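Along the sequence shown, residues carry numbers from 1. Since we're looking at a predicted model, the values are computed, not measured.
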Amino acid sequence: MTRKIIIDTDPGQDDAVAILLALASEEFEVLGITAVAGNVPLALTELNARKIVELSGRTDVPVFAGADRPLERDLVTAEYVHGKSGLDGPDLPEPKLKLQEQHAVDFLIEALRANDQVTLCTLGPLTNIALAFRKAPDIIDHVDEIVAMGGGLFEGGNVTPAAEFNIYVDPQAAQEVFHCGRPVTLLPLDVTHACLTSRDRVERLRGLGTPVGIATAELLDFFERFDETKYGTDGGPLHDPNVIAWLLKPELYKGRQINLEVETVSELTMGMTIADWWGVTNRPKNVNYIRYIDDDGFFALLEQRLARL
């Protein structure tokens, strides 16, 4: 049995690697990829998604453009991390794959109504998902689970001292989605900061000798430079592919069910994920919060799957 998934994303080099991992895995039927404004504006995230789908050779997978701004706030982007294009690093050609005319929110509604037990894999701000749930609340029952990259507790934030980027860009959307009533698994900075690229790991991907392997290495060459400087490490955190890897091999991860809330009022801590890891409140547990990873197992999986493309 394959798992039906929709990937909601704002590529981003690490988003690109996550998309490639999903498209290389026969465990998934990818119903579509929905782009949202985040790492860079929407015109670039939808373009980047099409470039990566074309790189993978899986041009049967449609790409849709969604929200160009958060629910209530001005858009914050991260070109200082991802470069002006969002995919700085390799020289990827302009895609021949056409953008779908349908809006991503309408696609989400249509796809969820047509299918039961769909997993939403969210790699960026949760604006598209929140808009779809607001517009058509009946689709929530068709969601099997939501697996998201975002937040952090023990690692703090990466865009402010309190907040991780994906949640910070649209905290109102995150709060709504995390309380939608369906199972949510969160891959936070506490996991991804333990999942570092290294020169050896990048060179092993380059050593695949394929267009996908070489392009992935070039993406990571550019992407890791920011965090190497910031943290003084050999390599940087590889965030979004953990969403896909968790679905493929949950045994690589450990976490627990907790209550999680998102700060949506205070500008000082806007977007902070208040993760009740120790159970000090009586608030209902709404998120499977992943804290630990077998990083060697993760990179072995990534290399093995990307070799298929």
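Ion pairing between D138 and R113 holds under the 4.0 Å rule for side-chain N and carboxylate O. Between E267 and R73 there is a salt bridge, with a side-chain nitrogen of the basic residue lying less than 4.0 Å from a carboxylate oxygen of the acidic one. Ion pair R199/E228 not flagged as a salt bridge, since none of the NZ, NE, NH1 or NH2 atoms sits closer than 4.0 Å to an Asp/Glu carboxylate oxygen. Note on R206 versus E218: no salt bridge recorded, every NZ/NE/NH1/NH2 to OD/OE distance being 4.0 Å or above. Using a cutoff of 4.0 Å between basic side-chain nitrogens and carboxylate oxygens, D144 and R3 are scored as salt-bridged. Look at D106 and K135 and you find a salt bridge, because one of the NZ, NE, NH1 or NH2 atoms lies within 4.0 Å of a carboxylate O, short of that distance.
A 4.5 Å side-chain heavy-atom check between L260 and N286 finds at least one atom pair inside the cut-off. Between K96 and R50, every side-chain heavy-atom pair lies at or beyond the 4.5 Å cut-off. Counting heavy atoms from C-beta outward, N288 and P183 have side chains that stay 4.5 Å or more apart. For the pair N158/K230, a side-chain contact is recorded, criterion being any heavy-atom separation below 4.5 Å from C-beta on. The shortest distance between side-chain heavy atoms of V63 and Q100 does not fall below 4.5 Å. V53 places a side-chain heavy atom less than 4.5 Å from the side chain of I33. In this structure the side chain of T122 never reaches within 4.5 angstrom of the side chain of V147, judged on heavy atoms.
For the residue pair T197/E224, the side-chain donor-acceptor check at 3.5 Å is satisfied. A donor and an acceptor atom, one from each side chain of N115 and K4, are located under 3.5 Å apart. Side-chain contact annotation: T45 with D10, donor-acceptor N/O pair under 3.5 Å absent. Looking only at atom types and distance, the side chain of N259 has a donor-acceptor partner in the side chain of E261 under 3.5 Å away. Side-chain atoms of D190 and Y289 form a donor-acceptor pair, as typed in the model, at a separation below 3.5 Å. One side chain, H142 or D116, offers a donor N or O that lies under 3.5 Å from an acceptor on the other. Side chain to side chain, Y253 and D294 fail the donor-acceptor criterion of an N or O pair below 3.5 Å. Checked by atom type, the side-chain pair T34/D8 shows a donor-acceptor distance below 3.5 Å. Between the side chains of D88 and S85, at least one donor N or O sits under 3.5 Å from an acceptor N or O.
L302 and I7 fall within the same hydrophobic cluster, where Ile, Leu, Val, Met, Phe, Trp and Tyr residues are linked whenever their side-chain heavy atoms come under 4.5 Å apart, directly or through other members. Linking Ile, Leu, Val, Met, Phe, Trp and Tyr whenever their side-chain heavy atoms come within less than 4.5 Å leaves L196 and I290 in two separate clusters. Two different hydrophobic clusters hold L47 and V61 under the rule that ILVMFWY side chains link at heavy-atom gaps under 4.5 Å. Neither V191 nor F178 shares a network with the other; the hydrophobic side chains, linked directly or stepwise wherever heavy atoms of I, L, V, M, F, W or Y lie under 4.5 Å apart, form separate groups for each. Cluster annotation: M149 is connected to L219 through the hydrophobic network of ILVMFWY side chains, with a link wherever side-chain heavy atoms come within less than 4.5 Å.
Looking at E54, its side chain does come within 3.5 Å of a backbone N or O of L97 through a donor-acceptor pair. Counting only distance, with no hydrogens or angles, the side chain of K51 and the backbone of L87 share no donor-acceptor pair below 3.5 Å. Without hydrogens or angle criteria, E263 side chain to V265 main chain gives a donor-acceptor distance under 3.5 Å. Without hydrogens or angle criteria, D276 side chain to I258 main chain gives no donor-acceptor distance under 3.5 Å. Side-chain atoms of T273 never come within 3.5 Å of backbone atoms of A275 as a donor-acceptor pair (strictly under, hydrogens ignored). No donor-acceptor distance shorter than 3.5 angstrom exists from the side chain of S25 to the backbone of E27, with no hydrogens or angles considered. Between the side chain of T210 and the backbone N or O of G213, at least one donor-acceptor pair lies under 3.5 Å. The backbone N or O of L189 lies less than 3.5 Å from no partner atom in the side chain of E155, so there is not a single donor-acceptor pair. Side-chain atoms of N242 come within 3.5 Å of backbone N or O of L238 as a donor-acceptor pair. R182 places a side-chain N or O within donor-acceptor distance of the main-chain N or O of V143, the cut-off being under 3.5 Å.
The CD1 atom of I293 sits 4.0 Å away from the SG atom of C195 when rounded to the nearest 0.5 Å. If you take CG on N166 and CG on L187, they are separated by 11.5 Å, rounding to the nearest 0.5 Å.
Relative to the six-membered ring of F298, R201 misses at least one condition, a distance below 6.0 Å or an angle of at most 45° to the axis. Remark: R291 qualifies as a cation-pi partner of F154 under the 6.0 Å distance and 45° angle criteria applied to the six-membered ring.
Here the closest non-hydrogen pair linking P237 and F223 is O-CE2, 3.4 Å. When every heavy atom of C180 is checked against every heavy atom of I146, the shortest pair comes out as SG-CD1, 3.7 Å. The shortest heavy-atom contact between A104 and N128 is CB-ND2, 4.1 Å. Smallest separation of non-hydrogen atoms from P125 and A37: CG-O, 3.6 Å. Here the shortest heavy-atom pairing between A67 and T127 reads CB-CG2, 3.6 Å. Closest of all the heavy-atom pairs between A130 and V177 is N-CG2, 3.8 Å.
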Going through the checks in order, is the side-chain contact (heavy atoms from CB on, under 4.5 Å) test met by F133 and L108? CA-CA 9 Å; F133 287 177; L108 283 162; over 6 Å; no
Intermediate values then yes/no, ring-ring contact (aromatic ring centres under 6.0 Å, His included), F64 and H103: CA-CA 6 Å; F64 303 81; H103 193 280; 9.7 Å; no
Stepwise, does the side-chain contact (heavy atoms from CB on, under 4.5 Å) test hold for E145 with L247? CA-CA 11 Å; E145 63 180 314; L247 287 167; 4.0 Å; yes
Worked verdict on V17 versus D240 for side-chain contact (heavy atoms from CB on, under 4.5 Å): CA-CA 8 Å; V17 178; D240 293 330; over 6 Å; no
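Under the side-chain contact (heavy atoms from CB on, under 4.5 Å) rule, H239 has a single partner from E164, Q13, H193, which is H193. Results of the side-chain contact (heavy atoms from CB on, under 4.5 Å) test with E79 over N39, L44, V40 single out V40 as the only residue that passes.
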